[in-house]
Amino acid sequence: MTATLFEQSAAHPHGFREVSPTDALPHLAGLRLIDVRETAELDGPLGHLEGIEHVPLGTVPSAAPTWDRSTPILVICRSGGRSGSAAAHLAQLGFEQVFNLSGGMLAWNAAGLPLEREATR
């Protein structure tokens with residue numbers, strides 16, 4: 001199912017795919033959700049997606065080498081910038097299906113999609 005998402009999403013020159021919140025939503029169960037924001041942002045006004053793994057951007061280089069490179073990953077941040085940096089790093093490491101949430105949690109909230117507001121980690 002994520003193979004279809006990968007084929008239909010916009011390719012980025014750094015080897016990952018850009019995916020909109022509405023396109024990502026039906027595929028969330030098949031994606032590893034990595035939120036690279038700082039801790040305080042997860043419970044802030046923008047909230048977070050259910051089931052995320054919190055990996056602040058600065059820790060991605062040390063955490064990622066232990067991850068399965070065949071598992072599809074959706075990287076999330078506030079607006080898509082930090083997650084784009086993390087997605088580029090993951091693609092450079094050889095991860096096969098890396099998605100950046102285009103527009104980040106700002107776009108997710110603007111689309112009115114479901115989210116969590118309190119820490120469940």
Side-chain angles (χ1 to χ4, degrees):
M1 189 163 158
T2 57
T4 302
L5 179 63
F6 192 78
E7 293 166 3
Q8 294 176 346
S9 54
H12 189 278
H14 290 289
F16 60 87
R17 300 294 177 123
E18 291 283 351
V19 63
S20 73
T22 53
D23 288 343
L25 182 63
H27 301 276
L28 293 183
L31 296 166
R32 183 173 188 175
L33 308 176
I34 303 295
D35 195 316
V36 298
R37 295 177 293 160
E38 296 301 316
T39 302
E41 294 177 272
L42 299 181
D43 301 323
L46 295 177
H48 60 272
L49 302 187
E50 183 179 357
I52 60 153
E53 293 176 53
H54 180 223
V55 184
L57 181 60
T59 66
V60 169
S62 61
T66 64
W67 301 345
D68 180 355
R69 284 170 171 66
S70 66
T71 300
I73 295 177
L74 176 65
V75 191
I76 305 158
C77 73
R78 179 181 178 274
S79 64
R82 286 175 284 177
S83 55
S85 294
H89 181 74
L90 295 174
Q92 185 178 27
L93 289 176
F95 284 80
E96 298 169 13
Q97 290 188 41
V98 180
F99 300 93
N100 181 39
L101 184 64
S102 183
M105 289 303 294
L106 290 171
W108 190 273
N109 276 264
L113 300 175
L115 51 83
E116 302 284 317
R117 295 230 186 252
E118 294 183 16
T120 56
R121 304 168 297 290

N/O donor-acceptor pair under 3.5 Å between [X] side chain and [Y] backbone:
X: Asn100; Y: Glu18; result: no
X: Trp108; Y: Leu49; result: no
X: Asn109; Y: Met105; result: yes

Report task. Show your working on side chain to side chain contact (heavy atoms under 4.5 Å, CB included) between Thr39 and His54 and close with a plain yes or no. Result -> CA-CA 8 Å; Thr39 302; His54 180 223; 3.1 Å; yes

Find out whether [X] and [Y] are in side-chain contact, i.e. whether some heavy atom of one side chain is under 4.5 Å from a heavy atom of the other.
X: Leu115; Y: His48; answer: no
X: Ile34; Y: Leu90; answer: no
X: Pro56; Y: Val36; answer: no
X: Pro114; Y: Glu50; answer: no

Query raised in the report: Who pairs with Arg17 by salt bridge (charged side-chain N to carboxylate O under 4.0 Å, His left out), at least two apart in sequence or on another chain?
Result: none

Query raised in the report: What pairs with Ala111 under side-chain contact (heavy atoms from CB on, under 4.5 Å), at least two apart in sequence or on another chain?
Result: Thr22, Leu113

Sequence neighbours left out, cut at 3.5 Å: what donor-acceptor pairs do the side chains of residues 72-82 make with other protein atoms?
residue	atom	partner	partner atom	Å
Arg82	NH1	Glu41	OE1	2.9
Arg82	NH2	Glu41	OE2	2.8

Query - Which residues share a side-chain hydrogen bond (donor to acceptor under 3.5 Å, both in side chains) with Thr59, sequence neighbours left out - result: none

Query raised in the report: By side-chain hydrogen bond (donor to acceptor under 3.5 Å, both in side chains), which residues pair with Ser70, not counting sequence neighbours?
Result: Asp68

Query - Separation of Leu5 CG from Leu28 CG (nearest 0.5 Å) - result: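 Leu28 CG to Leu5 CG: 9.5 Å, rounded to 0.5 Å.
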
Requested in this report: Please round to the nearest 0.5 Å and tell me the distance separating atom OG1 of Thr4 and atom NE2 of His27.
Outcome: 7.0 Å

Report task. Say whether Phe6 and Trp67 are linked into one hydrophobic cluster, either directly or through other cluster members, by side-chain heavy-atom distances under 4.5 angstrom. Result ->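 No, it is not one cluster - the side chains of Phe6 and Trp67 are not joined through contacts under 4.5 Å.
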
Requested in this report: Give a yes or no on whether Leu106 and Leu42 share a hydrophobic cluster (residues Ile, Leu, Val, Met, Phe, Trp, Tyr; joining criterion: side-chain heavy atoms under 4.5 Å apart).
Outcome: yes

Least distance between heavy atoms, [X] atom then [Y] atom:
X: Leu46; Y: Arg117; answer: C-NH1, 3.7 Å
X: Ser9; Y: Val19; answer: CB-CB, 4.5 Å
X: Ser102; Y: Ala107; answer: O-CB, 3.6 Å

Query raised in the report: What residues, two or more places apart in sequence or in another chain, satisfy ring-ring contact (aromatic ring centres under 6.0 Å, His included) together with His12?
Result: His14, Phe16

Query raised in the report: Among pairs that include at least one residue of residues 2-15, which meet salt bridge (charged side-chain N to carboxylate O under 4.0 Å, His left out), considering only residues two or more places apart or in two chains?
Result: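 Every candidate salt bridge (charged side-chain N to carboxylate O under 4.0 Å, His left out) pair involving residues 2-15 fails, so no pair, neighbours aside, qualifies.
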
Requested in this report: Step by step, work out the side chain to side chain contact (heavy atoms under 4.5 Å, CB included) result for Asp23 and Gln8.
Outcome: CA-CA 9 Å; Asp23 288 343; Gln8 294 176 346; over 6 Å; no

Give the table of side-chain donor-acceptor pairs shorter than 3.5 Å for residues 92-99, with sequence neighbours excluded, one pair per line with atom names and distance.
residue	atom	partner	partner atom	Å
Gln97	OE1	Thr2	OG1	3.4

